[in-house]
Amino acid sequence: YTNLPTSFYSRVEPALVPAPKLVKLNESLASDFGLNIDALKSQEGVDILSGNKIPEGAKPIAQAYAGHQFGYFTMLGDGRAILIGEHITPRGERFDIQLKGSGITPYSRSGDGKAVLGPMLREYIISEAMHALGIPTSRSLGVVTTGESIYRQTFQPGAVLTRVAASQIRVGTFQYVYAWDSRENLRVLADYTIKRHYPVVADEPERYLLFLRETIKRQAFLISKWMLVGFIHGVMNTDNIAISGETIDYGPCAFMDIYEPDTVFSSIDIYGRYAYGNQPAIAQWNLTRFAETLLSLLHEDKDKAYKMVEDEVSQFSSIYKENWISGMRAKLGLFNKETGDESLIESLLNMMHAHKADFTNTFRALTLGAPQETALADVPEFNQWLEKWQERQKRQRESKEAIRELMKKSNPAVIPRNHRVEAALEAAAEREDFSIMEELLEVISEPYAYSEKQAEYAKLPETPDCQYRTFCGT
Ligand code: AMP
Ligand code: MG
């Protein structure tokens, strides 16, 4: 990335911090990446993870990008994140390694460039949970506290998160170059991104069209995965949408409990723009913004370029729906396709909505063959539905065991529930007690295990948390 035009980034150095202390290292990720765990835990390693020391050969940068925030276009950029460099794993995969919360950059605007412990641990927990659920995502390598006290409504421990992603190239990166840079540089960015994320088409004459098509496909796949586990990103601004198709920028995200498409947790999303049920439509809107930036590369003739964009973006809904239905079929233990499947799925969801059933636990109970444990147990309509569902299951060749296995693989026994996440963060940030978080991380690291320990974590809070609010903590 540092070989690209200098307008794409700024050279920066992470801020020095007074007393870095490692509070969490992702040892399995570190070993997967071929990194030396002991070295990362040593003083030198902690200095690197806190930004106090720059690894040999690294040329840290902050990346420039723009974005539509809640619909309004603005210049942004890494205001509190610094890209330390790229890392190639023993398997030959390339990742960006980034520090979040490591001081101001030319894009910090009025911000302090810092981060605090609670939100950084939150990103750690949720991103690792998403990975374990099998959803494309950036990951968290470690969290250090800095020894600083940072003001966010109250004073809180300063922290730096090290996160890794296939890249940090966003829809907003393209928007930035499109809005303020040259057409030539847009081509440079597109070619670079294609080489990095979709190299098989790099030499195709139609590569920009194929790239757009693939980006739409990946986004449709990603959002369907979110919807199938009840994940709400919370801030689907175009600057938070990665071209790689990974989930990035965990802020006020959370998992839905009761099935309610209007669910919003983020304190800043006052109009519910990024509500659970809006996520597919918003993804399509974001992809339209992305496609617009490619117009000049797609065709010299403006009208033809517009037509191409329109055709491609309009495919999103059907690609999304196909992914979603096939995921829902798996959740219900269905291997083959039947035309009545969609209405079978919809009628279950409608009952879940009407009777305020917990999303995860309803599918968990069906998986365990315990429909009486759902909130729908006394609903007569539900019993009819169960009969229909069982008949439907019989109209396929697979055995009962195979059906159970498919359902187990497709319905998490446990998600990081809001009250559990909050308890873990509070203990860590207020009492320096990391044991609750460690236990939570262990339980959510194998969400499809259906272990005994997980039963406890499947329980709902004693008082329902429909008033639950999440904050960006920025
Ligand atoms: P986010 O909502 O985390 O995606 O952030 C939106 C924009 O605000 C990005 O450009 C961030 O880098 C920037 N930002 C968020 N928090 C801070 C902060 N404390 N200091 C500087 N910039 C920030
Ligand atoms: Mg962001």
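Counting convention: from 1, in listed order, for ligands and their atoms alike.
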Are there more than 12 heavy atoms of other residues, nucleotides or ligands under 6.0 Å from atom CD of Glu438? yes
Can we call the ring centroids of Tyr274 and His233 under 6.0 Å apart? no
Heavy atoms from other residues, nucleotides or ligands near CD of Glu44 exceed 12 (cutoff 6.0 Å): no
Which word best sums up how the rings of Phe174 and Phe290 line up, parallel for under 30°, tilted for 30 to 60°, or perpendicular for over 60°? perpendicular
Part of Tyr250 with heavy atoms under 4.0 Å of ligand 1, whether side chain, backbone, both or neither: neither
Any cation-pi pair here, Lys409 with Tyr448, using under 6.0 Å and within 45°? no
With a cut-off of 4.0 Å, which atoms of ligand 1 are near a heavy atom of Tyr65? 9 (C), 10 (O)
Decide if atom OH of Tyr457 counts as having more than 12 heavy atoms of other residues, nucleotides or ligands within a radius under 6.0 Å. yes
Based purely on interatomic distance, does Gly111 place a nitrogen or oxygen under 3.5 Å from a nitrogen or oxygen of ligand 1? no
What protein atoms of element N, O or S are positioned under 2.8 Å from the Mg ion (ligand 2)? Asn240 OD1, Asp249 OD2
For the ring pair Phe73 and Trp180, is the centre-to-centre distance below 6.0 Å? yes
Any N/O of Val235 closer than 3.5 Å to an N/O of ligand 1? no
Per-atom contacts of ligand 1 with Leu76, taking only distances under 4.0 Å to non-hydrogen atoms: 7 (C), 10 (O)
Would you mind running through ligand 1 and noting each atom that sits below 4.0 Å from a heavy atom of Arg152? 19 (N)
Residues Tyr198 and Arg207: side-chain donor-acceptor under 3.5 angstrom: no
Which part of Lys100 is near ligand 1, with near meaning a heavy atom under 4.0 Å away: side chain, backbone, both or neither? neither
For ligand 1 and Gly113, I'd like to know whether there is a polar contact (N/O to N/O, distance under 3.5 Å). yes
Closest candidate by heavy atom, reference atom 1 (P) of ligand 1, pool Thr105, Val116, Asn240, Asn237: Asn240
Heavy atom to atom 7 (C) of ligand 1, shortest distance: which of Arg80, Glu123, Arg109 holds it? Arg109
Ligand 1 atoms nearer than 4.0 angstrom to some heavy atom of Asp249 are 4 (O)
Verify whether the ring centers belonging to Tyr65 and Tyr176 lie closer than 6.0 Å. no
Region of Gln69 that comes within reach of ligand 1 [heavy atoms, distance under 4.0 Å]: side chain
May I ask you to check if Arg417 and Phe255 form a cation-pi contact, with NZ or CZ under 6.0 angstrom from the six-membered ring centre and within 45° of the axis? no
Mark up the atoms of ligand 1 that fall under 4.0 Å of a heavy atom belonging to Gly77, in ascending order. 9 (C), 10 (O), 12 (O)
Going by the side-chain hydrogen bond (donor to acceptor under 3.5 Å, both in side chains) test, name the single residue among Arg94, Glu246, Arg196, His197 that passes it with Ser167. His197
With a 4.5 Å cut-off on side-chain heavy atoms, are Tyr468 and Asp257 touching? no
Any atom of ligand 1 sitting under 4.0 Å from a heavy atom of Gly251? no
Is it true that Phe231 and Tyr276 have ring centroids separated by less than 6.0 Å? no
If I take atom CG from residue Leu83 and atom CZ from residue Arg163, how far apart are they, to the nearest 0.5 angstrom? 10.5 Å
Give yes if a backbone or side-chain nitrogen or oxygen of Asp112 is under 3.5 Å from a nitrogen or oxygen of ligand 1, and no if not. yes
Closer than 4.0 Å to some heavy atom of Ser108 - which atoms of ligand 1 meet that? 21 (C), 22 (N)
